[in-house]
Amino acid sequence: MSDIALLPSVNAFLERDHSLYIDGGYVASSSQNTLTVLNPATGEAIAQVSDATQADVERAVDSANRGFKVWSRTSPAARASVLFKLADLLERHREELAQIETCQSGKIIQISRAFEVDQAAHFLRYYAGWATKITGETITPSLPSFAGERYSAFTLREPIGVVVGIVPWNFSTMIAIWKLASALTTGCSIIIKPSEFTPLTILRIAELATEAGLPAGALNVLTGSGSVGKALIEHPGTDKVSFTGSVPTGIAVGQGAMGAKLTRATLELGGKNSVGFLPDVHLDKAVDGMIEAGFLHSGQICAAAERFFAHRSQIEPMMDALSKRLAHLKVGSPLDESTQFGPVANKQHQQKLARFFATARAENSTIIHGGQISEGPGCYVEPTIILANSVNDTLLNEETFGPVATFYPYDTEDELLALMNNTAYGLSASLWTNDLSKALRLVPEIEAGTVWVNMHTLLDPAVPFGGTKCSGIGREFGGAFIDDFTELKSVMIRY
Ligand code: NAD
């Protein structure tokens, strides 16, 4: 097989002079500074985007405040209708969006189509449905009546205001959709700050949002480096930040938000997620599980597993079977439809993974499979299996965010639980067993925001998702996001 041909509309989009999306259209930045977007599969420059300035931040915040006034007064049914239309437009432009995403992120085209477009549209429709279902409650106050007067009360859920949505590079479209959908369905306006590595697809989506009928200023996109995100969060004209990214940046974002004006913050951060195989698990099922949990999108998924705990009697055959499966993965260009394993998303990330491999060797962990990066211009990294030497090994404790599965043996169930919980993170975990009653007894003992049984990594818009411990604050999806994007107003009446 060979690379698919890029659509003429994709080539035309990439060649454009990309500016900022403010007030329902493109606006030139106040400076000539640009950032170069590189294709991680080839190392080639594919586009230039603006690096927004403080003056651009002022313009975007001003526009988002005007957009908020209009959008928050738009009826819930009309809001839902715009979001449903946007979902239809995502699907109509499926191939175009998927190709842009693959060119900027190196994600294999099948994942761009299935997740960045199809799943994103599915999530968007789920959120759109909430616009007409957000309610307060009626309350009978508890006060005693002093002179025959009576009381009644109710609560209103009101949109929080201007949201800043800060997005990482791993799922630049889907995560941006989670943020804009949460904000827009609740009546907030939003300014998206995409990752400097993957700023392109969301610009095209902003155009589609305007086509779907979104009023000017309800969605603005400011491209640029982290300093643009910082300026937005600390601006007095923004009310909430919804951040997805690494723990150190998340802590800085949370501190900046609190220090600004108690700006509300939802933080979806990194993970060092555990898989626990109970001894009854079938080997073939375990291997399928390991591929799903650790190697989908080269492990560049916050919920992906990086720590694999297997019973001492089974760890060798498990690593052996996984190694055989990894050897057969077809590594190649992400634009080739037969490729199963593409590059990682950028050079910095590839170098970071190289440093992890060097650390593993220095600490005498055993590299069972892989453990090298490619020398060429593409950011390729071998899918890797490591057997840790001790529970203190770096690879068993620090998030690599790459295609790296680190194994460690256990002897007893208590030991398994202690190992799974021995981490500063708490995003996700999975248990693999045919013994459902045992699984249900273990689930409450596991310190993670999501625990899967016989599956890993699958996110559903109806099921809340977010981290405990250092993996974050707040929940996306389900009805849980509504608390984070609205303020509760209590109204009390005496009669
Ligand atoms: P990152 O923290 O480096 O950057 C994330 C975003 O923050 C980027 O847009 C960046 O420009 C911006 N940023 C950087 N400094 C900033 C600052 N001081 N103020 C405001 N914004 C700033 O993360 P990354 O490398 O892009 O993404 C990988 C990380 O994201 C991993 O740790 C991964 O686990 C995490 N992640 C978490 C989830 C989740 O839902 N929990 C989902 C995807 C990725």
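Computed from a prediction, not measured in an experiment: that's the story for all the values here. Note that these values count all heavy atoms, side chains included, but never hydrogens, waters or copies made by symmetry. Quick note: residue numbers are just sequence positions, from 1. All ligand and atom numbering here is 1-based and tracks the order in the structure.
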J.: With a 4.0 Å heavy-atom cut-off (strictly under), which part of Val253 contacts ligand 1: side chain, backbone, both or neither?
T.: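 Only the side chain of Val253 comes within reach of ligand 1.
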J.: Examine Glu196 against ligand 1 and note whether any of their N/O atoms are separated by less than 3.5 Å.
T.: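 In this structure, Glu196 places an N or O atom under 3.5 Å from an N or O of ligand 1.
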J.: Please determine if Thr244 has a nitrogen or oxygen closer than 3.5 Å to a nitrogen or oxygen of ligand 1.
T.: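 No, since none of the N or O atoms of Thr244 sits under 3.5 Å from an N or O of ligand 1.
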J.: Report yes if some N/O of Leu269 lies less than 3.5 Å from some N/O of ligand 1; otherwise report no.
T.: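 Yes.
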J.: With the threshold set at under 4.0 angstrom, would you say Ser195 reaches ligand 1 through any of its heavy atoms?
T.: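 Under 4.0 Å: yes for Ser195.
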J.: Are Tyr410 and Phe309 close enough that their ring centers fall under 6.0 Å?
T.: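 Not under 6.0 Å, so no.
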J.: Output yes when a side-chain donor or acceptor of Ser172 lies under 3.5 Å from a complementary backbone atom of Trp169, and no otherwise.
T.: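 Not confirmed, Ser172 side chain does not pair with Trp169 backbone.
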J.: Examine ligand 1 and decide if any of its atoms is less than 4.0 Å from a heavy atom belonging to Phe243.
T.: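 It does; at least one heavy atom falls under 4.0 Å.
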J.: Just to confirm, does any protein heavy atom lie below 4.0 Å from atom 13 (N) of ligand 1?
T.: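 Protein heavy atoms within 4.0 Å of atom 13 (N) of ligand 1 - there is at least one.
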J.: Would Trp178 count as being in polar contact with ligand 1, using the rule that some N or O on each side must be under 3.5 angstrom apart?
T.: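 No, since none of the N or O atoms of Trp178 sits under 3.5 Å from an N or O of ligand 1.
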J.: Work out whether the distance between some heavy atom of Ala303 and some atom of ligand 1 is less than 4.0 Å.
T.: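 For ligand 1, residue contact (heavy atoms, under 4.0 Å) with Ala303 is absent.
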J.: Pairs of nitrogen or oxygen atoms closer than 3.5 Å, one from Ser471 and one from ligand 1: do any exist?
T.: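 By distance alone, the answer is no.
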J.: Please verify the inter-ring angle class for Tyr127 with Phe481; under 30° counts as parallel, over 60° as perpendicular, anything in between as tilted.
T.: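 Taking Phe481 first and then Tyr127, their aromatic rings stand perpendicular (interplane angle over 60°).
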J.: Testing Phe401, Phe341, Phe171 one by one against His297 for a ring-ring contact (aromatic ring centres under 6.0 Å, His included), which residue passes?
T.: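 Testing His297 for a ring-ring contact (aromatic ring centres under 6.0 Å, His included) against Phe401, Phe341, Phe171 leaves exactly one candidate, Phe171.
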J.: With heavy-atom distances below 4.5 Å as the criterion, would you say the side chains of Thr102 and Arg113 are in contact?
T.: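 Not touching, per the 4.5 Å side-chain cut-off.
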J.: Checking the side chain of Asp460 only, and the main-chain atoms of Ala462 only, is there a donor and an acceptor separated by less than 3.5 Å?
T.: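 Yes.
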J.: Looking at ligand 1, does Val247 have a heavy atom less than 4.0 Å from it?
T.: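 Per 4.0 Å heavy-atom rule, Val247 does not contact ligand 1.
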J.: Give yes or no for whether the N/O distance cutoff of 3.5 Å, strictly under, is met between Lys193 and ligand 1.
T.: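 Min N/O separation from ligand 1 is below 3.5 Å for Lys193.
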J.: For ligand 1, which part of Trp169 has a heavy atom less than 4.0 Å away: the side chain, the backbone, both, or neither?
T.: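 Both backbone and side chain.
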J.: Can you confirm whether Phe197 sits close enough to His349 that some side-chain heavy atom of one is under 4.5 Å from a side-chain heavy atom of the other?
T.: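 A side-chain contact under 4.5 Å is absent here.
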J.: Would Phe171 count as a contact of ligand 1 if the rule is a heavy atom under 4.0 Å away?
T.: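 Per 4.0 Å heavy-atom rule, Phe171 does not contact ligand 1.
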J.: Give me the residue, atom name and distance of the protein heavy atom closest to atom 31 (C) of ligand 1.
T.: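 Nearest protein contact, heavy atoms only, for atom 31 (C) of ligand 1 is Glu399 OE1, 3.6 Å.
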J.: Parallel, tilted or perpendicular for Trp452 and His456, by the 30°/60° rule?
T.: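 Tilted.
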J.: Can you tell me which residue and heavy atom of the protein come closest to atom 15 (N) of ligand 1, and the distance to 0.1 Å?
T.: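 Atom 15 (N) of ligand 1 sits closest to the protein heavy atom Thr249 CG2, 3.3 Å.
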